[in-house]
Amino acid sequence: MFRKLPDPPRHDRVTVHVDGHAVTVSAGDTAAAAVLASGLPYSRTTTVSGSPRAPYCMMGVCFECLMIVDGDPSRQGCQVIVRDGMRIERQLGGRELLS
Amino acid sequence: MTDVYDLVIIGGGPAGLAAAVQASELDLRTVLIDEQPAPGGQIYRSVERAERDGLAARLGPNYQRGASLAGAFRACGADYEAGCQVWQAEAAQGGPGQPPRQWTVHFTRDGQSRSVRGRHLLLASGAQERPVPIRGWTLPGVMTVGAAQLLLKSSRMLPEEPVWIAGSGPLPLLYASQLLSLGGRLAGYIDTTPRGRWRAALPHLPGALANAPYLAKGIMLRWTLLRSGVEIQHAEEIEARGTGRLEAVRFRTARGIREEPARVLLLHEGVIPNAHAAMALGCAQRWDEGQQAFRPETDEWAASSVDGLSVAGDAAGIGGARVAEVGGRIAALGAAHRLGRIGEASRDALSMPLRRERGRHARIRPFLDALFRPNRSVLVPPDDVLACRCEEVTVGGIRQAVSLGAVGPNQVKSYTRCGMGPCQGRQCAPTLAQVIADSTGQPVADVGYPRIRPPLKPITLGELATLAGEGAA
């Protein structure tokens with residue numbers, strides 16, 4: 001949904017895995033930004049109707065970017081800074097208390 | 001956890017940063033806790049990095065100002081807890097000879113919980129964009145103008161085409177010009193400011209002229225957009241359409257209904273105080289008719305109705321970055337006086353130039369509030385529009401609960417789950433209040449917000465458990 005500006009500075013490049021696909025972003029980017037750059041059409045589905053959603057506010061107040069980061073569910077993707085090798089998964093439906 | 005700070009500041013935008021600098025100048029032991037990994041808040045997000053790699057200069061001098069503020073903060077000696085989610089603050093009575101309150105603020109970072117204690121708490125939690133409930137606003141590809149601008153500032157990212165902006169206020173104009181200057185393209189710009197709104201704003205023009213540079217900047221942005229060749233039109237009944245993701249934007253102009261292909265649709269209808277924490281901590285709220293938003297009541301020193309708790313910057317009422325910066329300094333003076341660290345005379349003397357500066361920057365606000373007051377359909381959307389994104393409750397669902405006898409926001413929440421999802425009402429409470437007011441004929445001021453309960457941000461039991469370890473250490 002988003003693309004990087006064509007003149008990237010020499011920020012450290014970081015590779016994360018979004019649903020298993022390698023995505024290269026910059027150090028300091030958020031997990032939500034990585035998903036928006038990944039080409040995937042949505043980042044979660046709702047618990048109520050299963051409707052697809054994507055990041056909406058990017059500042060921590062809408063909770064639409066809830067995702068699974070390195071196995072941790074329901075993380076606010078816009079508040080998580082990427083790390084090399086981070087595993088990001090889209091969060092489909094609700095979470096189980098015990099899994 | 002034995003240390004007790006004089007001042008704990010939550011929020012690293014202009015108000016929080018300036019408050020930390022002022023407090024440190026007065027030798028208050030200060031800590032600033034913020035969600036972001038670097039100082040700046042939303043308005044100056046990632047400004048240090050952007051200054052280093054040249055992006056800041058391309059985004060303009062108003063943004064660049066944040067770099068010097070961040071620098072002053074880094075040098076001021078206050079402790080800094082970055083990348084932290086505050087999930088609760090609690091007040092306890094202080095010991096003998098102590099000020100009457102002591103705060104414990106709990107937060108998590110990287111899955112670990114920690115706490116700090118302080119004698120005075122300052123909330124500088126800034127603003128959030130007003131929710132823009134339209135048909136299809138939950139479709140992937142629909143987001144706020146502010147979100148797109150944050151992606152630009154912090155990740156150097158531009159939306160994929162075709163891009164539409166639909167909204168009202170200074171931010172869409174600013175972002176549009178930034179996008180175009182960086183090589184992005186806009187398919188169209190829909191101005192949702194109701195026609196004739198300038199007539200309501202006109203009486204406030206003399207005040208606005210006192211802020212001539214700001215006014216001139218707005219006119220210049222508008223001119224840049226006009227000259228760019230991007231189609232600008234006044235329209236209403238904006239609708240996002242698509243199956244599973246945004247595919248088109250539909251709107252009604254004076255000449256009829258149009259539908260255009262869209263990959264990204266950016267919405268904006270102004271900003272409102274991000275007063276979630278202030279509400280949860282019991283600060284008395286006031287309805288601001290001009291800004292169509294609730295805000296915490298604060299006195300001339302930013303003190304709230306709760307002892308030992310101040311609210312400064314946009315969190316206490318929208319004034320913009322410069323007003324927030326000065327407000328943060330004034331709040332720090334107020335806190336220092338309350339803690340007995342400066343006398344009344346020096347507090348008042350130090351605040352005089354700050355108040356003059358604030359007055360200058362604040363004079364344009366009534367003009368902006370009147371000009372960009374949101375259209376009624378933004379505040380009270382049609383019945384089939386989702387009000388609560390998390391629990392998928394429509395405006396009609398709220399009306400139905402009211403007709404079944406729910407008398408206020410807390411009851412509607414119980415009936416419908418509106419406001420019960422992860423965002424805890426941050427996106428639906430403004431709509432909830434307006435729709436209840438509209439359904440019952442009460443003023444919005446009397447309806448209020450649903451009660452906000454802890455934790456302020458969701459926290460896992462595992463993260464909570466790490467606190468026990470810390471206490472034992």
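Proteins get letters first, then strands, A, B, ... in listed order; numbering begins at 1 in each. From a predicted model like this one, the values you see are computed outputs, not experimental measurements.
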Checklist entry - Can you tell me how far the OG atom of A/Ser51 sits from the CG atom of B/Leu386, to the nearest 0.5 Å? => result 7.5 Å

Checklist outcome for this item: From the list B/Arg45, B/Gln36, B/Arg417, B/Gln128, the residue making the most non-hydrogen contacts under 4.5 Å with chain A is B/Gln128

Checklist entry - Is it true that the NZ or CZ of B/Arg245 lies under 6.0 Å from the centre of A/Tyr42's six-membered ring and within 45 degrees of the ring axis? => result no

Next on the checklist: Return the SG to CG distance between B/Cys390 and A/Leu66, rounded to the nearest 0.5 Å.
Outcome noted: 8.0 Å

Checklist entry - Between A/Gln79 and B/Lys457, is any side-chain donor less than 3.5 angstrom from a side-chain acceptor? => result no

Checklist entry - Do A/Cys62 and B/Cys423 have side-chain heavy atoms sitting under 4.5 Å apart? => result no

Item to check | B/Leu55, part contacting chain A, at a heavy-atom distance under 4.5 Å | outcome: side chain

Next on the checklist: If I measure from the heavy atoms of chain B, does A/Ala37 come under 4.5 Å with its side chain, its backbone, both, or neither?
Outcome noted: both

Next on the checklist: Counting only non-hydrogen atoms closer than 4.5 Å, does B/Leu182 touch chain A with its backbone (N, CA, C, O), its side chain (CB onward), both, or neither?
Outcome noted: both

Item to check | Closest approach of A/Phe2 to B/Met157 (non-hydrogen atoms, all atoms of both residues) | outcome: CB-CE, 3.3 Å

Checklist entry - Are A/Glu64 and B/Gln427 close enough, and set up right, to give a side chain to side chain contact (heavy atoms under 4.5 Å, CB included), and what steps lead you there? => result CA-CA 11 Å; A/Glu64 288 291 8; B/Gln427 291 296 324; over 6 Å; no

Checklist entry - Under a 4.5 Å heavy-atom cut-off, does chain A meet the side chain of B/Pro37, its backbone, both or neither? => result side chain

Checklist entry - How many angstroms lie between CE in A/Met1 and CG in B/Leu158, if you round to the nearest 0.5 Å? => result 15.0 Å

Next on the checklist: For B/Met143 and A/Leu36: C-alpha separation, side-chain torsions, deciding distance, then whether side chain to side chain contact (heavy atoms under 4.5 Å, CB included) applies.
Outcome noted: CA-CA 12 Å; B/Met143 62 202 307; A/Leu36 287 169; 4.2 Å; yes

Checklist entry - Is B/Arg49 paired with A/Asp29 through a side-chain N to carboxylate O contact shorter than 4.0 Å? => result yes

Next on the checklist: Looking at chain A, which one of B/Glu35, B/Glu161, B/Gln149, B/Glu129 has the largest number of heavy-atom pairs inside 4.5 Å, strictly under?
Outcome noted: B/Glu35

Checklist entry - Can you check side chain to side chain contact (heavy atoms under 4.5 Å, CB included) on B/Val132 and A/Tyr56, steps first, answer last? => result CA-CA 11 Å; B/Val132 190; A/Tyr56 173 76; 4.3 Å; yes

Item to check | Closest contact, heavy atoms only, A/Phe63 versus B/Pro458 | outcome: CE2-CD, 3.4 Å

Checklist entry - Once you round to the nearest 0.5 Å, how far does CG of B/Leu151 lie from CZ of A/Arg3? => result 13.0 Å

Checklist outcome for this item: Max heavy-atom pairs within cutoff under 4.5 Å with chain B, candidates A/Gly28, A/Ser49, A/Pro41, A/Ser74, goes to A/Ser49

Item to check | Value rounded to 0.5 Å, distance of OG in B/Ser154 from CE in A/Met59 | outcome: 12.5 Å

Next on the checklist: If you compare all heavy atoms of B/Gly244 against all heavy atoms of A/Pro52, which two are closest, and at what distance to 0.1 Å?
Outcome noted: O-CG, 3.4 Å

Checklist entry - Distance from B/Arg389 atom CZ to A/Cys57 atom SG, nearest 0.5 Å? => result 9.0 Å

Checklist entry - Passes side chain to side chain contact (heavy atoms under 4.5 Å, CB included), A/Val48 versus B/Glu391? Steps please. => result CA-CA 6 Å; A/Val48 179; B/Glu391 296 292 338; 3.9 Å; yes

